[in-house]
Structures are given as structure tokens and as C-alpha cells.
Amino acid sequence: MCGIVGYVGRRDASPILVEGLQRLEYRGYDSAGVAVVNDGSIRVHKAKGRVSDLLAGLPKRFGGTIGIGHTRWATHGVPNEPNAHPHLDAEGRIAIVHNGIIENFKEIRGKLQSEGVAFSSDTDSEVLAHLISRSKAEGLVEKVREALLSVEGTYGICVVDRDTPDTLVAARNGSPIVIGIGEKENFIASDVAALVRHTQQVVYLDDGEIAIVKANEFQTLGLDLSERTKRSQKVDWDVGTYDKGAHDHYLRKEILEQPEAVTRALSGRLDTRFSTSHLGGVELDPKEILRIKRIQVLACGSGYYAGLAGARLIESLSRIPSSAEPASEFRYRNPIVDPDTLYIAVSQSGETLDTLRAVQEVKRKGGMVTGIVNVVGSSIARECGSGIYLHAGPEVSVASTKAFTSTIVAFALLGLHLGRVRDLSPSDGARIINALSSLPDKITETLQTEEQVADLAKKYLDSTSAFFIGRVNGFPIACEGAQKLKEISYVHAEAYPASELKHGPLALVCPEFVSVVLFPNDDLYDKNVSAMEEIKARNGPVISVGHNPELAAISDDFVRVPSSEPELDSILINIPLQLFAYHSALIRGVDIDQPRNLAKSVTVE
Ligand code: G6P
């Protein structure tokens with residue numbers, strides 16, 4: 001979603017801003033813009049479409065050693081040039097970029113219009129530029145503060161003022177802002193991806209904080225302008241980890257990276273002596289673990305499907321009743337927060353607003369919450385205060401692949417940890433440890449199915465729809481398989497529990513409707529065969545994914561994957577589904593890494 005960059009230093013700002021915006025493209029956006037301050041004036045250049053469109057039209061003389069940039073994902077007002085950020089006040093004195101939503105903008109806009117202010121966009125954000133400029137407060141930071149006190153909603157902002165040409169002011173409430181610390185230059189961004197080419201030393205702003213950033217120094221304040229001392233930290237990910245390398249798409253790169261991602265997720269966390277796991281970030285002592293009566297996972301999108309898989313996994317390893325719910329549903333239904341429930345927030349980006357709000361709701365009601373997050377230092381990770389980092393490396397493609405897999409691995413580690421304090425026997429613990437240790441090699445082996453799966457994507461090119469059918473451990477994977485296919489190839493796809501087929505969806509089965517039936521290594525094999533037979537009896541073509549060679553004879557197409565333990569098998573079954581979605585998108589010639597209408601990190605309601 002929307003992205004912010006800011007620069008102040010000695011170098012020409014605009015190439016740094018544009019390059020920073022390119023690094024944020026993966027988040028999804030529909031227009032972009034930059035503003036620089038030079039010789040007592042602010043120059044703005046914006047474009048609808050891609051950062052490359054912005055760059056193509058960028059005037060040759062666009063000098064200035066301080067500036068701000070933005071990629072916009074439209075919320076209020078269509079994607080066009082006037083609505084793109086940065087926004088100026090009426091006199092062209094202040095320029096702002098804003099992520100988030102100003103909820104009371106209509107009221108403020110009406111009031112400002114009645115005072116004679118002319119607006120140049122339909123956005124909620126523009127009110128901020130006018131409010132800051134019209135503030136009677138003394139300095140820039142005081143003016144920004146006054147403006148922020150009169151708005152309701154969420155914001156991450158960065159501001160430049162033509163009369164204070166050595167200073168960026170940034171602030172955060174619900175939308176991330178990070179300061180990048182350089183040598184005689186400093187940066188602002190909404191995502192470290194925009195900074196890592198220049199510095200790995202960063203300071204994260206917390207909600208309700210303002211930063212004053214100059215080339216040689218920065219200061220962080222509360223909204224009451226009291227000093228907040230903050231330490232800088234080093235980001236693990238360097239610029240190389242964001243590169244596509246020789247791959248045509250980030251999605252394929254990230255699918256192929258899964259063996260290493262899983263190795264990193266496991267690294268230093270398996271304890272063969274006591275057949276358990278060590279999770280340094282999960283601060284639960286055995287007595288607390290024994291008190292847990294329920295586990296509830298809260299997440300969105302693929303994180304939610306990983307959560308469904310994770311809840312089943314944890315329940316089977318620890319025998320603690322576990323479930324998953326979309327974080328957005330949870331936060332709006334006035335949930336009963338039980339002190340004996342462990343809530344687990346899952347988020348690749350750590351910035352999904354619905355998940356963040358769900359965590360805050362749990363905490364506000366006195367609940368116990370921990371996180372499974374990929375991005376270190378992200379809002380959800382910090383709000384949870386404890387949890388498991390995935391260490392999957394940056395995931396750039398909008399559709400999640402390696403983070404999905406690593407999340408299930410993290411659940412397995414947590415299930416092992418909780419289970420070994422409760423009912424899981426040492427031998428079962430050892431069985432799970434062995435299975436986890438062999439996962440990276442088995443994933444590598446499963447990735448060998450790519451050529452066969454690519455042929456299947458061609459064979460079923462004319463299918464207008466697809467069913468993904470799974471049972472128990474297979475069902476969350478069926479959900480993720482359907483999600484992957486629809487989000488990147490735009491083929492209509494739905495997931496059903498195998499036994500639900502006959503209760504309605506079977507009506508749709510016909511030769512043009514392919515079904516992908518999943519056969520994890522569990523004792524439900526025969527039942528899954530029956531579900532497949534129901535489809536075949538209605539002339540529906542079936543691709544089966546599993547490890548029993550018999551499936552080759554009884555389905556139209558069979559993708560064989562190695563088997564693991566029943567609890568972990570679905571991780572392997574999911575990999576051909578990722579490849580199927582990728583190749584289905586590839587032959588359709590669509591934008592695989594940035595599917596239409598979607599964003600990587602959904603930081604709005
Ligand atoms: C967006 C993305 C999905 C992602 C979901 C949750 O909808 O398009 O790919 O699964 O957000 O993101 P998170 O970063 O919280 O895991």
C-alpha cells in the first residue's frame with residue numbers, strides 16, 4: 001500500500017527518492033510523486049501509474065538536497081495526478097506525504113473551504129498541508145503538532161517546509177515511520193526496504209511520536225513535544241536480499257527460497273536433548289503454559305490460512321483447543337477476551353492494520369498475545385512484545401509463499417514447545433523434530449515438480465474455475481491453494497472441505513471445472529479418494545496431490561510429493577499449488593508480483 005520516503009543531506013534528493021519509491025513498489029500503488037525544496041521554493045512532480053512513469057516525466061532540473069516522495073494506493077479519490085501525493089498548501093509553502101486515513105477530513109475540509117481555502121485534490125490527506133500551513137504556532141514542528149491534534153484517524157506523514165529547508169518532520173499514528181541514519185544524511189521511510197541501500201541503522205517511531213530530522217541529527221518527541229529518547233537498531237536485511245537476481249518474478253524466487261527460509265526458521269530452535277524447541281522470544285514459563293485453556297490465531301489473508309493450519313497443528317501437538325479467525329472479524333465483533341486464552345497474531349509484514357487493531361483490542365481487554373511475524377521491528381511485532389520471528393527474508397511479491405510456509409513451521413515449533421510442557425511424549429517430540437529437520441530437503445525435492453506443474457497449468461488453461469478440496473490438515477492448504485490461484489492468475493477458485501462437496505458445490509462440477517484434491521499423509525486417505533470419485537463421476541477433471549503412487553491411476557493427473565509426518569505434510573502439498581498458481585499466471589501474461597487491486601501490506605481499514 002502507500003509508501004513514504006524522505007531525504008535530507010548533501011546529495012541530490014530526487015534520484016534517492018525515486019529509487020526509494022521503486023523499492024516500495026512491491027507494496028502495491030497506483031500513482032506516485034516527489035517534492036524537493038530548492039532556492040526557497042517547493043517543486044512537485046507527480047504521475048498516475050508506475051514509478052517508471054514518474055521518472056520518465058521528471059524534469060531534468062529538479063535539484064534540491066531535501067525532499068519527500070510517495071506511492072499512493074487510492075482510498076479517497078480516484079488514482080490520478082491531482083490526487084497523487086505530495087500535497088501542497090495553498091501558498092506552496094508546505095508539502096506533505098501521508099499514509100493512513102484522516103477520518104474527519106470532510107468536516108475539516110468544509111471548514112477550511114468556508115474560510116476560502118481552495119483544494120486541489122479529492123484526498124483526505126490534503127487537509128494536513130492546509131492545516132499545517134495555516135497554524136499560528138511558532139515553528140514547523142509546532143505547526144505539524146497542532147495540525148495532528150485536530151485530525152482523527154491514522155497517519156504516517158513526512159513534511160517539508162520551503163522556509164525550513166534543512167528539516168524533515170515526520171509523525172506516526174497507526175502507519176509506520178522509520179528514520180534511516182546515514183553519514184551526514186538522514187532518511188525517512190514507511191518501510192525499511194526504501195532505506196537499506198543507504199543505511200541499515202534505523203529508528204522506529206512509535207504511535208504518537210514526531211521526528212525532526214536534519215542531515216546531521218534527529219530528535220524524537222511525543223505529541224506533547226516532550227523529548228523521547230530512542231535507540232537506533234540494525235536491520236538484518238541488506239539491499240541484496242531485495243534483489244530479484246536472475247529470476248523473472250519475485251514470486252518464483254520466493255517459492256524457490258523456501259528450503260533456506262525454513263532452515264533459518266528452525267535454526268538454533270530445535271532441542272534434541274529434551275525433544276522440544278527453544279523460542280527465545282516467547283516469554284511463557286511452564287506454569288503459564290499449563291494455564292492456557294485455548295489458543296486463538298488472528299491474522300488476515302494468507303496469514304489467516306497459515307493460522308488455520310497452525311491452529312490444527314498446535315491443537316494436535318499440545319491438545320490445547322485452538323482456532324483461527326480473520327483479525328478483521330475479531331476486532332469488529334466485540335470479542336470476549338478470555339485471560340486463559342493465548343492469542344497469536346500472524347503477519348508477514350507486521351503492519352496489517354486489522355491484525356494490529358485486533359492485537360490492541362486483546363491487550364486493551366487484558367488478554368495475553370504473542371506474534372508470529374516476519375518483519376523485525378514492525379508494528380505488530382512491537383505491539384505484541386513477544387513472539388517468533390520467521391527470518392524468511394524480505395517477501396516482495398504481493399502473494400505470500402515463503403512466509404506462509406515459514407509461518408506453519410513457526411507454529412510447529414510453538415506446538416512442540418507447548419506440547420512438551422503438556423501432553424506430547426518425548427518420542428512424539430523427537431518424531432516432530434526429525435520431520436522438521438528433514439523439511440528443507442523435502443521442500444527441495446518437491447520443487448522438482450515444477451516442470452510437471454507448469455504443463456498442468458497449460459493443460460487446464462481453459463478451465464474457468466477450480467475447486468481445491470482438502471480434509472482436516474488438507475483444508476487450510478486447499479484455502480491457500482485457491483487464494484494463490486485467484487489472486488495472481490485471476491482464475492475463479494474456491495476451497496471446500498472434502499465432505500462439504502456433496503452439500504452444494506458438487507452442482508458446479510463439469511468438464512470445464514478442474515478440481516485439485518489434496519491427499520496429506522494421514523488416515524483419511526480413503527475418504528479423500530471417495531470425494532475425488534464423486535467429482536470424477538460428474539465428469540470433473542481431477543488433479544491429485546499427495547504421495548501414494550496409486551493416485552496416478554485413479555485421477556486425471558497426479559503430482560507426487562514426498563511425505564512427511566501427518567502434522568507437517570501439508571507444507572509439502574502446498575508447494576505444487578504455489579507453482580500451479582505461478583504458472584497459471586505466467587501463461588496468462590498477467591502482472592504476477594503486483595496483482596491488480598491488491599497490496600502487500602494493507603495498512604488501511
Ligand atoms: C494482503 C496481502 C496478502 C497477505 C495479507 C496479510 O492482503 O495481499 O498476501 O496475506 O495482506 O498480510 P500480512 O503481512 O499481515 O501477513
Side-chain angles (χ1 to χ4, degrees), residues 1-3 24-30 73 75 174-176 190-193 249-251 254-255 261 297-310 324-331 343-360 369 371-384 387-390 392-408 410-411 476-477 479-490 493 495 574 577-578 581-582 585 591-605:
M1 263 184 178
C2 304
L24 298 182
E25 285 193 290
Y26 79 97
R27 298 168 64 92
Y29 69 105
D30 37 47
W73 189 84
T75 56
S175 275
S190 53
D191 177 332
V192 291
H249 301 99
Y250 279 105
L251 192 85
E254 288 158 7
I255 290 173
V297 184
L298 303 169
C300 298
S302 291
Y304 165 60
Y305 297 132
L308 276 181
E325 181 177 359
S328 50
E329 287 288 293
F330 177 87
R331 65 175 282 214
Y343 294 88
I344 304 176
V346 172
S347 179
Q348 186 288 127
S349 63
E351 301 297 347
T352 302
L353 191 66
D354 281 326
T355 310
L356 181 62
R357 291 286 185 258
V359 170
Q360 289 165 340
V369 61
I372 295 182
V373 173
N374 192 31
V375 178
V376 175
S378 56
S379 304
I380 293 169
R382 287 182 303 132
E383 190 70 50
C384 289
I388 307 174
Y389 278 125
L390 299 179
E395 192 179 70
V396 174
S397 190
V398 165
S400 183
T401 51
K402 63 176 178 174
F404 178 86
T405 297
S406 296
T407 300
I408 302 180
F411 273 114
I477 300 304
C479 294
E480 174 61 7
Q483 167 97 335
K484 215 76 316 164
L485 187 65
K486 75 182 109 175
E487 70 183 333
I488 62 169
S489 74
Y490 315 143
N574 183 47
L577 309 192
Q578 297 172 336
Y582 173 74
D591 186 344
I592 292 179
D593 286 330
Q594 287 167 39
R596 69 182 179 209
N597 308 337
L598 299 183
K600 180 74 180 156
S601 170
V602 182
T603 50
V604 295
E605 305 265 325

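When a ligand or atom number is given, it counts from 1 through the structure's own listing order.
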### Query
Hey, is the main chain of S397 close enough, under 3.5 Å, to the side chain of E254 for a donor-acceptor pair?
yes
### Query
Quick one: which ligand 1 atoms are inside 4.0 Å of a heavy atom on T352?
6 (C), 12 (O), 13 (P), 14 (O), 15 (O)
### Task
Note the single closest protein heavy atom to atom 11 (O) of ligand 1, along with its residue, its atom name and the distance in Å.
K600 O, 3.8 Å
### Query
Would you say S347 and ligand 1 have an N/O pair spaced under 3.5 Å apart?
yes
### Message
Please check this pair: side chain of Y490 against backbone of R596, looking for a donor-acceptor N/O pair closer than 3.5 Å.
### Response
yes
### Query
Is the shortest heavy-atom distance from the side chain of E351 to the side chain of D191 under 4.5 Å?
no
### Query
Has C300 got any heavy atom lying under 4.0 angstrom from an atom of ligand 1?
yes
### Task
Identify, by atom number and element, the atoms of ligand 1 in contact range of S302, meaning under 4.0 Å from any of its heavy atoms.
10 (O)
### Task
Using distance alone, determine whether V398 and ligand 1 share an N or O pair under 3.5 Å.
yes
### Message
Please list the nearest protein heavy atom to atom 16 (O) of ligand 1 with its residue and the distance rounded to 0.1 Å.
### Response
Q348 N, 2.8 Å
#### Entry: Euclidean distance, L356 CG relative to L298 CG, rounded to 0.5 Å
12.0 Å
### Message
Between Q594 and E25, do the side chains contain a donor N or O and an acceptor N or O under 3.5 Å apart?
### Response
no
## Note on the structure
heavy-atom search around atom 2 (C) of ligand 1 in the protein gives A599 O, 3.3 Å
### Query
In ligand 1, which numbered atoms sit nearer than 4.0 Å to a non-hydrogen atom of S349?
13 (P), 14 (O), 15 (O)
### Task
Check whether any side-chain heavy atom of R331 lies under 4.5 Å from a side-chain heavy atom of D354, and answer yes or no.
yes
### Query
When only distance counts, is V602 in polar contact with ligand 1, meaning an N/O pair under 3.5 Å?
no
### Task
Measure the CD-OG distance between E395 and S601 for me, rounded to the nearest 0.5 Å.
11.5 Å
